[in-house]
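What you see is a predicted model; the values in this text were computed from it and never measured.
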Amino acid sequence: MTIRMRLAVAYVVAIIATVTVVGVIVWWQMEGALRGALQQTLQERAAAVLAGFENDGSSGLQEGDFGSPGVFVAVVDQFGAVVDASPGAPPGLPAPSGTGASEASIDGRRYLLFAVRGGDLTIVTGTGSEVLGLTLDRLAWSLFMVGGGAALASMLGGWILAGRALRPVADLADEAERIDTVDLDRRLHVPVERDEVQALAVTLNRMLDRVASAVRQQRAFLAAASHDLRTPIAALQAELDLARHPATTSREMRHAVDDAHADAVRLGDLATALLDLAAMEGEGRTLVRTPVRIDEFVASVVRHVEPLARQRGVRIATSAPGRLVRVDRVRLGQAITNLVVNALSYGPAGETVEIVASVTSAVGSGSATTSATLRIEVKDRGDGVPAAAVPDLFQPFRRGPNAVGIGSGLGLATAKAAIAAHHGSLGYMDRSGGGATFWVEVPA
């Protein structure tokens with residue numbers, strides 16, 4: 001069932017419930033008012049007849065005592081026998097049990113009675129209750145007709161109003177249906193009125209901004225990956241063509257084979273980096289948290305990069321507590337290794353790269369530890385990162401203006417994906433006194 005239909009049905013149900021409650025109240029009040037009016041009439045008629053008896057001293061009804069049409073009068077003696085009655089009085093009228101209003105059923109017909117006692121006589125006035133029932137039936141029918149008409153009108157009105165209220169949403173849906181990846185800059189029309197539809201349009205436009213940004217990043221990634229793959233592949237093909245040419249000398253062939261080997265290594269490194277990035281992002285590999293001692297973890301990273309540190313002439317200093325944390329050792333290890341490799345690559349010879357690890361615990365009520373955060377900082381004394389390059393620092397295939405070597409620009413992107421898989425954060429800041437500091441924070 002559509003929202004429009006649900007709203008129309010809700011309007012009808014609300015109107016029917018309202019009319020039913022109001023109708024019951026009106027019917028009940030009308031029934032009480034009519035009954036009270038009839039009893040008042042009967043009381044006045046009985047009092048008038050009794051007053052006539054007392055003034056005239058007679059013991060029988062006169063022509064003027066017969067009352068209005070539909071109302072009968074009866075005179076009952078002290079023994080309960082009817083001594084006189086006006087036309088229309090039912091035969092077998094029971095003796096009144098007391099004074100005041102009452103009801104009686106005589107020969108299957110309901111009567112409203114009112115009795116007034118004066119001396120040895122009791123004046124009883126009455127009328128059939130059919131008039132009251134007929135009036136209440138007509139009132140109920142009228143209320144039913146009004147309620148039915150109101151229900152039909154509310155259904156039509158609810159259908160129209162719901163359609164008008166949901167028209168902007170339908171327009172947004174139509175506009176969104178026409179947006180595709182060919183027209184990434186197209187956005188939904190934002191209504192002028194500050195209402196929920198405007199908020200929905202603004203929210204959808206922000207979502208489209210994020211989608212467009214993701215698509216552009218994906219396209220840029222594919223373009224950069226294609227370029228980085230095409231260049232060594234083309235060079236490898238040219239070198240192999242040179243090696244197989246009949247006029248190639250043995251020395252030229254040796255150089256061609258060496259160059260081809262270097263390009264093959266570069267292709268292998270790029271393919272490995274791409275696979276690592278794919279494994280870190282999304283559901284490439286399920287996060288597996290295991291207990292890890294921080295100092296042992298940092299030491300394993302140092303052992304992995306020690307050959308590069310010796311080659312670059314850079315020392316590595318560490319500071320890490322011997323505390324257990326629960327992290328994915330493989331993913332976090334690759335992220336920290338990439339950061340340390342960058343620090344070793346850009347740090348000047350003779351300087352020291354520092355790896356500083358710490359754990360911050362959040363304490364809840366009753367001194368119970370509720371969570372812990374592992375923070376690792378990698379510091380170097382290089383030239384740092386230019387301010388203009390910081391926003392794109394962790395994007396794939398982005399290398400700074402002072403980049404060294406023939407890297408693919410995937411190291412920091414892979415580290416970012418690994419930390420994101422931990423629901424952590426990775427950032428950069430300039431180091432006091434010169435250099436760069438990359439920091440990692442992950443829940444542990």
Side-chain angles (χ1 to χ4, degrees), residues 13-151 154:
V13 172
I15 289 297
I16 291 177
T18 302
V19 171
T20 301
V21 173
V22 172
V24 170
I25 294 175
V26 170
W27 188 91
W28 177 69
Q29 289 185 340
M30 182 62 70
E31 192 270 346
L34 291 175
R35 186 179 295 275
L38 285 176
Q39 290 177 353
Q40 181 68 25
T41 299
L42 295 177
Q43 180 180 0
E44 291 175 354
R45 181 73 267 172
V49 172
L50 181 61
F53 273 33
E54 293 176 346
N55 292 335
D56 298 340
S58 62
S59 59
L61 293 174
Q62 306 299 319
E63 185 176 352
D65 297 330
F66 290 169
S68 57
V71 177
F72 65 85
V73 180
V75 180
V76 181
D77 61 15
Q78 58 183 337
F79 303 107
V82 177
V83 297
D84 198 359
S86 66
L93 182 69
S97 57
T99 59
S102 62
E103 290 189 32
S105 178
I106 304 174
D107 294 335
R109 185 180 178 186
R110 298 292 298 176
Y111 289 90
L112 297 178
L113 306 175
F114 197 92
V116 177
R117 187 175 182 82
D120 294 335
L121 300 177
T122 300
I123 307 300
V124 178
T125 55
T127 183
S129 60
E130 295 87 352
V131 176
L132 177 61
L134 181 61
T135 302
L136 293 177
D137 290 342
R138 289 177 178 175
L139 176 62
W141 178 251
S142 299
L143 291 174
F144 176 78
M145 294 299 294
V146 171
S154 66

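Going from atom OG1 of Thr135 over to atom CZ of Arg35 covers 12.0 Å, rounded to the nearest 0.5 Å.
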Practice item. Start with the C-alpha distance between Leu34 and Leu38, add both sets of side-chain angles, then the distance that settles side-chain contact (heavy atoms from CB on, under 4.5 Å), and finish with yes or no. Key: CA-CA 6 Å; Leu34 291 175; Leu38 285 176; 5.6 Å; no
Practice item. I would like to know whether Leu113 and Thr125 meet side-chain contact (heavy atoms from CB on, under 4.5 Å); could you show each step before the answer? Key: CA-CA 6 Å; Leu113 306 175; Thr125 55; over 6 Å; no
Review point. Under the side-chain contact (heavy atoms from CB on, under 4.5 Å) criterion, do Leu42 and Phe72 qualify, and how do the steps go?
Key: CA-CA 9 Å; Leu42 295 177; Phe72 65 85; over 6 Å; no
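Looking at every heavy atom in both residues, Gly23 comes nearest to Leu143 through O-CD1, 3.4 Å. Residue Val19 comes nearest to Gly147 through the heavy atom pair CG1-CA, 3.3 Å, listed as atom of the first residue, atom of the second, then distance. In terms of heavy atoms, Ile16 sits closest to Ala151 at CG1-CB, 3.9 Å. Of all the heavy atoms in Gln39 and Phe114, the pair that sits closest is O-CD1, 4.2 Å.
The only option from Val24, Thr18, Thr20 that meets the side-chain contact (heavy atoms from CB on, under 4.5 Å) definition with Val22 turns out to be Thr18.
Among residues two or more places apart in sequence or in another chain, the side chain to side chain donor-acceptor pair (under 3.5 Å) test is passed with Ser102 by none.
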